[in-house]
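As structure tokens, the structure follows; a few thoughts come after it.
Reckoned from all heavy atoms, side chains included, excluding hydrogens, waters and symmetry mates. Note that the structure is a prediction, hence the values are computed from the model and not measured.
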Amino acid sequence: MKRETLIDFFNDFANIPKTFLVFDDGYRSHRYSYAQVAGAARSFAARLREAGIGPGERVLFWSENRPEWIAAFWGCVLAGVVVVPIDYRASIEMRDRIAGVAGVRAVLTGDEVSSRPGDWKLRELDWSAGTFSPVNAQPGDLCQIIFTSGATAEPKGVTITHANILANVIPVEQEILKYRKWSIPFAPIR
């Protein structure tokens, strides 16, 4: 299984019916399979296309950890849209500065941040299994811009490509696969 882009990685897990994410919202646990996340990602990618947001354009993620964040991330990958994540504890002024510097087309917000009119709420993500044909991504295509928290200056954006992410993920995956048989008595490991 050769993986050159994150879309190759996505295609490997998109139809697995097993549990991928478990999220405790403080009241109950919610479980999402790989296939459910992939379906929501396709739905989100279609929403991006409908909004006229396409390859190379940017979307800012300003949210606490939640399953919708993961599905929206994969939706951006499928659509070739660059993810600009920022810490949900950042101020709204910081959010606005980064949005301006990055030239974002949309802002995704969680429940624990202030939103502005026109922001897309992650809790409203469509979990139905959407259809979407992914873009033809290349290893050198931009995937994320991560803003560093500069101690003495304004944060600066660090560009991350598909190849950058896979250079970190693939070696870890290869090592885990070597020892998978030893984990069977302890499965499922989350």
Which residues pass the side-chain contact (heavy atoms from CB on, under 4.5 Å) test with [X], not counting sequence neighbours?
| X | value |
| --- | --- |
| Gln174 | Ile170 |
| Ala45 | Leu78, Ala79, Phe132 |
| Arg89 | Asp87 |
| Gln36 | Tyr32, Ser33 |

Evaluate the side-chain proximity of [Y] to [X]: yes if any heavy-atom separation is below 4.5 Å, no if none is.
| X | Y | value |
| --- | --- | --- |
| Cys76 | Leu48 | yes |
| His162 | Phe9 | no |
| Ile7 | Val135 | yes |
| Pro85 | Ile146 | yes |
| Thr131 | Arg42 | no |
| Pro67 | Val37 | no |
| Val59 | Val104 | no |
| Asp141 | Thr5 | no |

So Val113 and Ser63, side-chain contact (heavy atoms from CB on, under 4.5 Å) or not? Walk me through it. CA-CA 7 Å; Val113 299; Ser63 173; 5.7 Å; no

Sort and list the pairs that fulfil ring-ring contact (aromatic ring centres under 6.0 Å, His included) and have at least one residue in residues 84-121, not counting sequence neighbours. Phe44-Trp120

Can you tell me how far [atom2] of [Y] sits from [atom1] of [X], rounded to the nearest 0.5 angstrom?
| X | Y | atom1 | atom2 | value |
| --- | --- | --- | --- | --- |
| Ile145 | Ile160 | CD1 | CD1 | 9.5 Å |
| Glu93 | Ile98 | CD | CD1 | 12.0 Å |
| Glu68 | Trp127 | CD | CH2 | 5.5 Å |
| Leu142 | Gln144 | CG | CD | 9.0 Å |
| Leu108 | Phe61 | CG | CZ | 5.0 Å |
| Ser114 | Trp62 | OG | CH2 | 5.0 Å |

Check side chain to side chain donor-acceptor pair (under 3.5 Å) between [X] and all other residues, then give those that pass, not counting sequence neighbours.
| X | value |
| --- | --- |
| Asn11 | none |
| Glu50 | none |
| Glu4 | Lys2 |
| Asn136 | none |

Please report the closest heavy-atom contact between [X] and [Y], naming both atoms and the distance.
| X | Y | result |
| --- | --- | --- |
| Gly56 | Val82 | O-CG2, 4.0 Å |
| Val77 | Cys143 | CG2-SG, 4.0 Å |
| Asp12 | Arg3 | OD2-NE, 2.5 Å |

Within one Ile-Leu-Val-Met-Phe-Trp-Tyr cluster: Trp69 and Phe23, side-chain cutoff 4.5 Å: no

Residue pairs fulfilling salt bridge (Lys or Arg N to Asp or Glu O under 4.0 Å) with at least one residue in residues 158-169, sequence neighbours excluded: none

Which salt bridge (Lys or Arg N to Asp or Glu O under 4.0 Å) pairs, counting each pair once, include a residue from residues 108-122, with sequence neighbours left out? Arg66-Asp111, Arg95-Asp119, Asp96-Arg116, Asp111-Arg123

Would you check if the side chain of Arg105 reaches a backbone N or O of Glu57 as a donor-acceptor pair within less than 3.5 Å? no

Where the side chain of Ser43 meets the backbone of Gly130, is there a donor-acceptor pair that is under 3.5 Å apart? yes

With sequence neighbours excluded, what pairs up with Trp74 under the ring pair (Phe, Tyr, Trp, His ring centres under 6.0 Å) test? Phe10, Phe13

Is it true that Arg47 and Glu124 have a side-chain N and a carboxylate O under 4.0 angstrom from each other? no

Once the angle between the rings of Phe20 and Tyr34 is folded into 0 to 90°, is it parallel (under 30°), tilted (30 to 60°) or perpendicular (over 60°)? parallel

